[in-house]
Amino acid sequence: EEGITVDELAQKINHTPAEVIKVLFMLGTMVTINTALNDEQVELICLEYGYEPKKIATVDETNFEDLIEPDKEEDLVPRPPVVTIMGHVDHGKTTLLDYIRKSHVAEGESGGITQHIGAYQVDVNGKKVTFLDTPGHEAFTAMRARGAQVTDIVIIVVAADDGVMPQTREAIDHAKAAGVPIIVAVNKIDKPGASPDRIRTEMSEFGLMPEEWGGDVVYQDISAKKGTGVQDLLEAITVVAEMAELKANPNRAAYGTVVEARLDKGRGPVATLLVENGTLHPGDPIVVGTTYGRVRQMTGDNGRTLKKATPATPVAITGLNEVPEAGDKFMVFDSDKTARHIGEARAEKKKEEERNTTSAMSLDDLYNQI
Ligand code: GTP
Ligand code: MG
C-alpha cells in the first residue's frame, strides 16, 4: 500500500509541508515534500499536532468514515433533534406519533402493526423535531437497533395498563447502548386499570429512576389516543434536545442513513434517507450502501417535492441503480463518475466479504464433518 505524501498530510492537518518536514527532521528522519510516509511517521506527525491518526493514515475509499472530512466548529449551526419512539407491541407508539402529526397513519397500516420505520418531521412551538417510529414486534430488533443509532433521544412508550414487556426492556438496552437520553412516556392513562406509578417502579428496576423520585429520567403520563399530556411530552423533548446542543453543517455535501427502501413499480428504487449532516439536493451524485446514482426526485414526509433537505430531515429519493438496505449509509460525491466508482468498489468489496464468509462457513462445515 502506498502511504500519504508529506504534501497531502500537511494539507489534511492544515500545516505547511515545511513544518511536517521539520518535525520529522527533529525526530531524525529526512524527507522531502513528495516522500510517501509510513504509518508510524504519519502517527508521529498526528500526535505532534493533535490529530486522530487512524483517519489519515490509510484512506479506504470504500469506507465513508474515511472520506468524511470533519467540520470546523465555526461551520456548525443548530439542527433539529432526531427522536426515536420505541416500546412493546401495541403500547401506542404509532398512535402517539399520529396524534403529534395530527394525521392518521395508524389507521392505514395493515392490522395496525407498524411494518417499517416511519420518519416524520413536525413543528413543536416553531422548532422542528424529527421522529422515527419503530415496530414493537419482536421480529424487528435490527430496525430498533438502527433507529437507536441514528437518534439523539429515545422515547420509550409503556402502556400503563400493561407494564414493562420484552420489547420495552430491549428498547432500554438499545437506548443505553446508543448512549442517548431516554424519556419515558407512560401511555394509555385513560384506561381503567392504568397504573402509572407501577410503571415507574418497574422501569426503575432497569436503572430509569424518575426525576420526581430523585433520579434523572423524565417521565410523562400521556394518553396518545386523547392527547392528554402530549404537549408536555413535546416540551420535555425540546428541553432535552436543547441541552444536547445538537449541531450540523448545512453547507457541505450530505451524508446520512437509509431509514427504509423498496422497489416501486413505476419509480424504481425508492429510499427514505435521514440526512445527518450537509444538505441533499436533487441532482446530487450519491452512493447509498452499495448502490449509486443521481438523486432524481426528492419528496418530504408529506409527499411534497423538496428542493433541498437539511440536517435531520427525512426524505424519499429516487434515481438509484438498485434498492439499498435499511441501515445503509449514504454519501454525496462531487461527480457521477466518482459516485459510480465508489459505489461499484463498495459493491465489489461486499461481494468479496460475502464470498469470504461463505468459504469460511464451508470450511467450518468440513471440520464439523471430520
Ligand atoms: P406496533 O407498531 O405494532 O408495535 O404498535 P404501536 O406501539 O404502534 O401501537 P398502536 O399505536 O398501533 O396502538 C395499539 C392500540 O392501542 C390501538 O388500538 C390504539 O388505538 C390503542 N391505543 C394507543 N394509545 C392509546 C391510549 O392512550 N389510550 C387507549 N385507550 N388506547 C390507546
Ligand atoms: Mg406502530
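Just follow the structure's listing: the first ligand is 1, and inside any ligand the first atom is 1.
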### Query
ligand 1 and Ala224, any nitrogen or oxygen pair closer than 3.5 angstrom?
yes
### Query
Do Lys12 and Asp7 sit within salt-bridge range, that is, some charged N less than 4.0 Å from a carboxylate O?
no
### Message
For the CD atom on Glu69, are there more than 12 heavy atoms of other groups (residues, nucleotides or ligands in this structure) within a distance under 6.0 Å?
### Response
no
### Query
Are Lys188 and Asp190 ion-paired here, with the side-chain N under 4.0 Å from a carboxylate O?
no
### Summary
Numbered in order shown, the ligand 1 atoms found under 4.0 Å of a heavy atom of Asp190 are 26 (C), 27 (O), 28 (N), 29 (C), 30 (N)
### Query
N/O to N/O below 3.5 Å, does that happen between Thr94 and ligand 1?
yes
### Task
Would you check if the Mg ion (ligand 2) lies under 2.8 Å from any N, O or S atom of Thr134?
no
#### Entry: ligand 1 N/O within reach of Lys226 N/O, cut-off under 3.5 Å
no
### Task
Can you sort out which atoms of ligand 1 are near Lys191, meaning under 4.0 Å from one of its heavy atoms?
30 (N)
### Query
What atoms in ligand 1 come closer than 4.0 Å to a heavy atom of Lys93?
1 (P), 4 (O), 5 (O), 6 (P), 7 (O), 8 (O), 9 (O), 11 (O)
### Message
Using the side chain to side chain donor-acceptor pair (under 3.5 Å) definition, which of the options Thr310, Asn277, Thr313, Asp152 pairs with Arg79?
### Response
Asp152
### Query
Taking N or O atoms only and a 3.5 Å limit, does Gly92 qualify as a polar contact for ligand 1?
yes
### Message
Please check: side-chain N/O of Asn249 versus main-chain N/O of Asp71, any donor-acceptor pairing under 3.5 Å?
### Response
no
### Message
I want to know if ligand 1 touches Thr134 in the polar sense, i.e. an N/O pair below 3.5 angstrom.
### Response
no
### side-chain contact (heavy atoms from CB on, under 4.5 Å) partner of Leu132, the single match among Ile85, Ile155, Val154, Val150
Val150
## Note on the structure
Per-atom filter on ligand 1: closer than 4.0 angstrom to a heavy atom of Val89 are 3 (O), 4 (O)
### Arg340 atom CZ, neighbour heavy-atom count above 12 within 6.0 Å
no
### Task
May I ask you to list the atoms of ligand 1 that are less than 4.0 angstrom from any heavy atom of Thr95?
10 (P), 11 (O), 13 (O), 19 (C), 23 (C), 24 (N)
